[in-house]
Q: 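Got a structure here, written out as structure tokens. Questions coming.
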Amino acid sequence: MAAQAQVITCKAAVAWEPNKPLVIEDVQVAPPQAGEVRVKVLFTALCHTDAYTWSGKDPEGLFPCILGHEAAGIVESVGEGVTEVQPGDHVIPCYQAECGECKFCKSGKTNLCGKVRLATGVGVMLNDRKSRFSINGKPIYHFMGTSTFSQYTVVHDVSVAKIDPIAPLEKVCLLGCGVPTGKPLSPPLMCSQVILLPLSTSILVLWESSYALGSNLNILIPDLVPTPESLGAVWNTAKVEPGSIVAVFGLGTVGLAVAEGAKAAGASRIIGIDIDSKKFDRAKSFGVTEFINPKDHEKPIQQVIVDLTDGGVDYSFECIGNVSVMRAALECCHKGWGTSVIVGVAASGQEISTRPFQLVTGRVWKGTAFGGFKSRSQVPWLVDKYMKKEIKVDEYVTHNMTLADINKAFDLMHDGVVIDLTE
Ligand SMILES: NC(=O)C1=CN([C@@H]2O[C@H](COP(=O)(O)OP(=O)(O)OC[C@H]3O[C@@H](n4cnc5c(N)ncnc54)[C@H](O)[C@@H]3O)[C@@H](O)[C@H]2O)C=CC1
Ligand SMILES: N[C@@H](CCC(=O)N[C@@H](CSC=O)C(=O)NCC(=O)O)C(=O)O
Ligand SMILES: [Zn+2]
Ligand SMILES: [Zn+2]
């Protein structure tokens, strides 16, 4: 297969510099080498993590690069030694790999995988430490091992999940990041975004945080879509029990997915905290039972929550990426057992702090990547759960857009687009 593969020239949105508009370019995509898979990206969603790296605040951000990590597509060709997927397979590229052989994978204690992480962190492929993307000979860096803002991308074989071919790619692309992140394991999961489709197709805008692209590259703006990562925070990382009181800080895609996961886990109260009260109505349908806007209170938000909950919540989730809120999320937890999970990504140079007494007295601080889900083995399972209508995904799509409109899609995401559920 790899022997016949040729360089493909296609459209991609290139981030030439931090914070400068993405530019749609003709990009050359080299054939997959050993252990690599070239994927025709049909839909991609936007995630705040793309915007974070694009902002220049990500210590791993390299430019020029092709962003995007929440997508679905079809395998176009495979390199030598690739056995688990073949051309024509429907796949979701996964920024978190799963090789099954490394120390992390074998530990049974984490969904992190060490096989390709060093290469993906510096924007190259493991095999030759080079990029498969170029423009007239100039290399363009990969991003998160996925680079889905391109009509074709090359990923490591350990970073691609084969999914049910009947699953709608314009929806399940959201299972590549945000929705799974918030959910706990056992019940359903979710996230939020906008979806971009390939250039000639229309863009699907999801709720507020992501987008998807298609053969012309369709962009989905997920903002209301609970991501697999979001679901996982509740199911895998925190293991919320029935009857628990849960606080969710930030009601974007990820926070909504956390709320959905908490509801599915049987939480008795789900307190949503956001500085944008517009988020509250929508959050109700994802399971949030009470709302607090910190701007309406003089007292620190952790004290407000402790007062409302007879001593604090059983679980809290920070779904913003703000280190001050991370502290509040820990400190609103109940003495003796309260667990706080950091989901949001904070910029380079930011640090968390609290009085160690908070931990001495039994509160637990944790974090989660991709909701603790193992990518290649569990993303297909999440797709199946969606097909059985056990988890929401459609509800997170706010807009459908084409790759050509990717900058507008990011504008919508930054504006915190709110879906009118009556439409
Ligand atoms: N750990 C992981 O695996 C993943 C982490 N993320 C990260 O999760 C975070 C959330 O992502 P999205 O839901 O897409 O973002 P989003 O921007 O859609 O949602 C954030 C929400 O927080 C609210 N907010 C902002 N500042 C606040 C404050 N001080 N207090 C209360 N609310 C506040 C905003 O109004 C917004 O509704 C981002 O940092 C993203 O990078 C996303 C996916 C996976
Ligand atoms: N390069 C960033 C890393 C930011 C980060 O924590 N990413 C999350 C996923 S966010 C998805 O939208 C993650 O899973 N991290 C684990 C990993 O292996 O990267 C930085 O350095 O800030
Ligand atoms: Zn591994
Ligand atoms: Zn993401």
Side-chain angles (χ1 to χ4, degrees), residues 45-53 55 57-58 67-71 95-107 110-117 144 146 148 156 158-159 174 176-182 190-194 206-210 221-230 232-233 237 247-258 272-280 282-283 292-295 301 317-326 328-329 341-347 367-376 396 398 413-418:
L46 312 187
C47 171
H48 277 86
T49 305
D50 299 308
Y52 157 66
T53 300
S55 75
K57 293 178 182 161
D58 179 354
L67 299 165
H69 64 282
E70 196 167 303
Y95 73 80
Q96 193 57 248
E98 183 186 357
C99 75
E101 293 164 358
C102 73
K103 185 177 179 181
F104 294 93
C105 286
K106 285 209 244 175
S107 72
T110 177
N111 65 330
L112 302 179
C113 169
K115 179 151 184 194
V116 298
R117 185 65 183 80
M144 285 176 84
T146 50
T148 58
H156 297 98
V158 292
S159 305
L174 295 181
C177 181
V179 175
T181 301
M190 284 315 272
C191 161
S192 70
Q193 298 113 346
V194 175
L206 304 187
W207 283 106
E208 293 159 10
S209 24
S210 318
I221 303 180
D223 180 36
L224 273 196
V225 183
T227 62
E229 289 107 315
S230 312
T237 310
V248 184
F249 290 82
L251 298 173
T253 300
V254 172
L256 292 173
V258 165
I273 302 104
D274 204 297
I275 51 171
D276 180 358
S277 300
K278 291 198 303 295
K279 306 291 170 104
F280 295 168
R282 182 179 62 184
I292 305 177
N293 187 332
K295 292 178 177 170
I301 189 65
F317 297 86
E318 200 281 351
C319 307
I320 302 163
N322 177 316
V323 293
S324 302
V325 178
M326 289 173 189
V341 180
I342 293 175
V343 188
V345 172
T368 187
F370 198 56
F373 285 110
K374 285 185 171 283
S375 59
R376 280 203 296 161
Y396 290 86
T398 52
M413 190 177 81
H414 288 309
D415 290 348
V417 184
V418 174

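Counting convention: from 1, in listed order, for ligands and their atoms alike. Just so it is clear, the values below take in all heavy atoms, side chains as well, and ignore hydrogens, waters and symmetry mates.
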Q: Ring pair (Phe, Tyr, Trp, His ring centres under 6.0 Å) between Phe370 and Tyr95: does it pass, once the steps are laid out?
A: CA-CA 9 Å; Phe370 198 56; Tyr95 73 80; 5.7 Å; yes
Q: Using a 3.5 Å distance criterion without hydrogens, assess whether the side chain of Glu318 forms a donor-acceptor pair with backbone atoms of Asn322.
A: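 Yes.
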Q: Atoms of ligand 1 less than 4.0 Å from Val343 heavy atoms?
A: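 Taking each heavy atom of Val343 in turn, ligand 1 has 1 (N), 2 (C), 4 (C), 5 (C), 6 (N), 7 (C), 8 (O) under 4.0 Å.
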Q: Could you tell me which atoms of ligand 1, counted from 1 in the order shown, lie closer than 4.0 angstrom to a heavy atom of Asp276?
A: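 This gives 35 (O) as the contact atoms.
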Q: Heavy-atom contacts with Ala369 under 4.0 Å: which atoms of ligand 1 show up? List them by number with element.
A: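 It comes down to these atoms of ligand 1: 3 (O).
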Q: In a check of side chain to side chain donor-acceptor pair (under 3.5 Å) between His69 and each of Asp50, Thr146, Thr49, which one passes?
A: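 Answer after filtering Asp50, Thr146, Thr49: Asp50.
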Q: Just to be sure I read this right, does ligand 1 sit under 4.0 Å from the backbone of Leu251, its side chain, both, or neither, counting only heavy atoms?
A: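 Only the backbone of Leu251 comes within reach of ligand 1.
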Q: Less than 3.5 Å between some nitrogen or oxygen of Ile320 and one of ligand 1, yes or no?
A: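 Among all N and O atoms of Ile320, at least one is under 3.5 Å from an N or O of ligand 1.
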Q: Give the atoms of ligand 1, by number and element, whose distance to some non-hydrogen atom of Gly344 is under 4.0 Å.
A: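 Under 4.0 Å from Gly344, ligand 1 has these atoms: 7 (C), 8 (O), 9 (C), 39 (O).
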Q: If you compare all heavy atoms of Ser159 against all heavy atoms of Ala97, which two are closest, and at what distance to 0.1 Å?
A: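 Shortest heavy-atom contact: OG-CB, 3.6 Å.
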Q: Round to 10° and report the angle made at the Zn ion (ligand 3) by SG of Cys105 and SG of Cys113.
A: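 It is 110°, given to the nearest 10°.
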Q: Would you indicate whether Phe104, at its atom CZ, is surrounded by more than 12 heavy atoms from other residues, nucleotides or ligands within a distance under 6.0 Å?
A: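 Atom CZ in Phe104 is not packed in, count stays at 12 or less.
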Q: Hey, is the Zn ion (ligand 4) within less than 2.8 Å of some N/O/S atom on His69?
A: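 Of the N, O and S atoms in His69, at least one lies under 2.8 Å from the Zn ion (ligand 4), which means yes.
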Q: Give yes if a backbone or side-chain nitrogen or oxygen of Cys319 is under 3.5 Å from a nitrogen or oxygen of ligand 1, and no if not.
A: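 Checking ligand 1 against Cys319, no N or O pair falls under 3.5 Å apart.
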Q: Answer whether the closest heavy-atom distance between the side chains of Thr368 and Phe317 falls below 4.5 Å.
A: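 Result no, sub-4.5 Å side-chain heavy-atom pair not found.
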Q: With backbone taken as N, CA, C and O and side chain as the heavy atoms from C-beta onward, which portion of Thr368 lies under 4.0 Å from ligand 1: side chain, backbone, both, or neither?
A: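 The answer is the backbone.
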Q: Determine whether any heavy atom of Tyr95 lies closer than 4.0 Å to an atom of ligand 1.
A: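 Yes, Tyr95 has heavy atoms under 4.0 Å from ligand 1.
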Q: Distance under 4.0 Å to a non-hydrogen atom of Thr49: what atoms of ligand 1 satisfy this?
A: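 Per the distance check, 6 (N), 40 (C), 41 (O), 42 (C).
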Q: Does any N or O in the side chain of Asn111 come within less than 3.5 Å of the main-chain N or O of Ala369, such that one atom is a donor and the other an acceptor?
A: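 It does hold such a pair.
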Q: Is there a heavy atom in Phe370 that sits closer than 4.0 Å to ligand 1?
A: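 Distance cut 4.0 Å: Phe370 passes for ligand 1.
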Q: Looking at Thr110 and Lys374, what are the two nearest heavy atoms and their distance?
A: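 Heavy atoms of Thr110 and Lys374 come nearest at O-NZ, 3.1 Å.
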Q: Please identify which atoms of ligand 1 are closer than 4.0 Å to at least one heavy atom of Lys279.
A: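 Ligand 1 atoms under the 4.0 Å threshold to Lys279: 36 (C), 37 (O).
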Q: Side chains of Glu70 and Leu174: does their closest heavy-atom pair fall under 4.5 Å?
A: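 Yes - at least one pair of side-chain heavy atoms lies under 4.5 Å apart.
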Q: For Gly250, is at least one N or O under 3.5 Å away from an N or O on ligand 1?
A: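 No, no N or O pair falls under 3.5 Å.
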Q: Short N/O distance, under 3.5 Å, between Val325 and ligand 1?
A: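 Min N/O separation from ligand 1 is not below 3.5 Å for Val325.
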Q: Indicate yes or no: at least one non-hydrogen side-chain atom of Gln96 is less than 4.5 angstrom from one of Leu112.
A: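 Side-chain contact under 4.5 Å: yes.
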